[in-house]
Amino acid sequence: MHLPSPAPIDAPAVLDWYDHHARSLPWRVPPAERARGVAPDPYRVWLSEVMLQQTTVAAVKTYFLRFTSLWPTVFELAAAPLEAVLVEWAGLGYYARARNLHACAVAVVRDHGGVFPTTSAGLQALPGIGAYTSAAIAAICFDERVAVLDGNLDRVLARYFALAVPVREAKEELRAALQAAVPARAGDFAQAMMDLGATICAPRTALCMLCPIQPGCAATAAGDPTIYPVKPVKAERPVRKGHAYVMLDSAGDVYLQTRPDKGLLAQMTEVPGSDWSAALPEPSYPAQGAWRHRGQVVHIFTHFRLELEVWSAEVTPDGLDGGWWAEPGALAGEALPTLFRKVLAEAGLQ
DNA sequence: AACGCGGGGTG
DNA sequence: CACCCAGCGTT
């Protein structure tokens, strides 16, 4: 429909390129070892894939090493308290992933004897594993011949086919075109295509002279590949404003509490604050004290910009309920998202 | 099908 | 600044 009688993707050329130029990554089995029969550990592949959802390789590396050091197998991760997983995940974002990660580990141990399912369909039934992640694990670990389609591939394929509409409107056509190209070395092919997107066919640059599928690329033939993928119309980012209250007791400990079970930053740790709204509310201090305005923290979420006024005071802890007092030196061990680490820093802590 | 959901790297 | 990243679950 949207694809003009495309040239098939040259999988042998892609694999040959991968054999020489694969990125070395902590969770990856290099192609030479894979050829000798070394199989990737599904636990490590799964963990890396969940961390890599909407997250860059550079950001994931340290978290991956930390997690695999603390919890080398799915059994240790399943036995860990959810709170410990959230603490370690803090800073990586999209915290539903951490809750689903733990739930998935528990399910694999409880329902599958600690062995991950070996098909994309079986994997997709687990928490936090969707179309992309199930395909990626099945291909990389078990060479299931399934199309592995992520954001990198959206871009590579949109260029290869000079796709005239936003990717969302042609997703299944792209999937079918990719599926038709998947070779027996399905795992290496999937990783090769993603490496291609990350290192050659990058968002702002396209090093077409190095690309193994340049001969069939419609965008290169037409001129400038970087005009693809066509962007959908973008929504404006609204501003929300609010207050954050950093309370200290006479010992210098800071008052923390847990956010609600659902919504933004669910179940993570915070300092008390106001609602966030388009107009800045009047301050409403949660306890008596000599409140001082410490400054403003600006934090960009995907769908809005947040401006928080940061206040601090030494208070008498009357009427406070549900939270706890933390020593400033122990804040690293709290499940604090980056937003609230900025707030605490603005108030002079950590 | 559209939306909510973090944070950091990059140009 | 804007853009985008090895997406998923909910509605």
Side-chain angles (χ1 to χ4, degrees), chain A residues 22-23 25-28 40 44-64 86 89-101 103-104 123-141 146-156 158 166-172 178 187 189-199 201-205 226 228-229 231-238 240 259-260 262-268 270 297-306 335-342:
Chain A
R23 285 180 292 176
L25 300 171
W27 47 85
R28 177 175 282 181
R44 293 168 61 87
V45 172
W46 161 72
L47 178 60
S48 70
E49 292 297 345
V50 173
M51 289 182 166
L52 287 161
Q53 291 165 5
Q54 293 298 110
T55 308
T56 56
V57 166
V60 163
K61 277 184 179 172
T62 57
Y63 283 84
F64 178 83
L86 291 175
W89 197 276
L92 197 56
Y94 284 147
Y95 298 98
R97 293 187 295 176
R99 297 188 293 275
N100 285 330
L101 184 85
C104 183
L123 288 160
Q124 198 167 345
L126 291 164
I129 299 184
Y132 162 76
T133 305
S134 60
I137 299 171
I140 293 170
C141 296
V146 59
V148 180
L149 193 52
D150 73 333
N152 278 313
L153 269 290
D154 285 347
R155 180 179 58 257
V156 172
V167 167
R168 194 184 61 243
E169 299 177 29
K171 192 86 174 180
E172 291 314 309
L178 181 61
F189 179 72
Q191 294 172 97
M193 291 298 290
M194 291 189 280
D195 279 15
L196 193 56
T199 64
C201 199
R204 295 171 196 258
T205 55
T226 62
Y228 302 100
K231 309 271 72 162
V233 292
K234 59 172 187 281
E236 80 294 354
R237 186 163 13 224
R240 296 188 198 172
R259 290 179 59 81
K262 296 188 170 188
L264 189 73
L265 305 175
Q267 293 178 257
M268 300 298 287
E270 66 171 0
V297 163
V298 175
H299 192 75
I300 308 297
F301 292 97
T302 303
H303 49 298
F304 65 95
R305 168 193 173 95
L306 178 64
L336 282 162
T338 297
L339 166 63
F340 293 106
R341 296 200 184 274
K342 287 187 195 173

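In what follows, chains are A, B, ... by sequence order, proteins preceding strands, each numbered from 1.
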Using a 4.0 Å heavy-atom cut-off across all strands, classify [X] as base, sugar-phosphate, or nothing.
{"X": "A:Ala131", "answer": "sugar-phosphate"}
{"X": "A:Arg341", "answer": "nothing"}
{"X": "A:Gly197", "answer": "nothing"}
{"X": "A:Leu153", "answer": "nothing"}
{"X": "A:Arg305", "answer": "sugar-phosphate"}
{"X": "A:Leu25", "answer": "base"}
{"X": "A:Thr55", "answer": "base"}

Side chain of A:Tyr94, base of B:dG6: donor and acceptor closer than 3.5 Å?
yes
Indicate, yes or no, whether a donor-acceptor pair under 3.5 Å links the base of B:dG9 to the side chain of A:Thr56.
no
Looking at A:Leu336 and A:Arg341, what are the two nearest heavy atoms and their distance?
O-NE, 3.2 Å
Among the nucleotides [options], which one has an atom lying closest to any side-chain atom of [X]?
{"X": "A:Thr133", "options": "C:dA6, C:dC8, C:dC5", "value": "C:dC8"}
{"X": "A:Asp150", "options": "C:dA6, B:dC5, C:dC4", "value": "C:dA6"}
{"X": "A:His299", "options": "C:dG7, B:dG7, B:dG6", "value": "B:dG7"}

Within the structure, does a side-chain N or O atom of A:Lys231 lie under 4.0 Å from either OP1 or OP2 of C:dA2?
no
Closest-nucleotide mapping onto DNA chain B: is A:Ala96 or A:Arg204 further toward the 5' terminus? I mean the 5' end.
A:Ala96
Reading DNA chain B from 5' onward, which residue's closest nucleotide shows up sooner: A:Arg168 or A:Phe304?
A:Arg168
A:Lys171 bridged to A:Asp154 by N-O distance under 4.0 Å:
yes
C:dC3 and B:dG6, which share atom name C1', separated by this distance in whole Å
15 Å
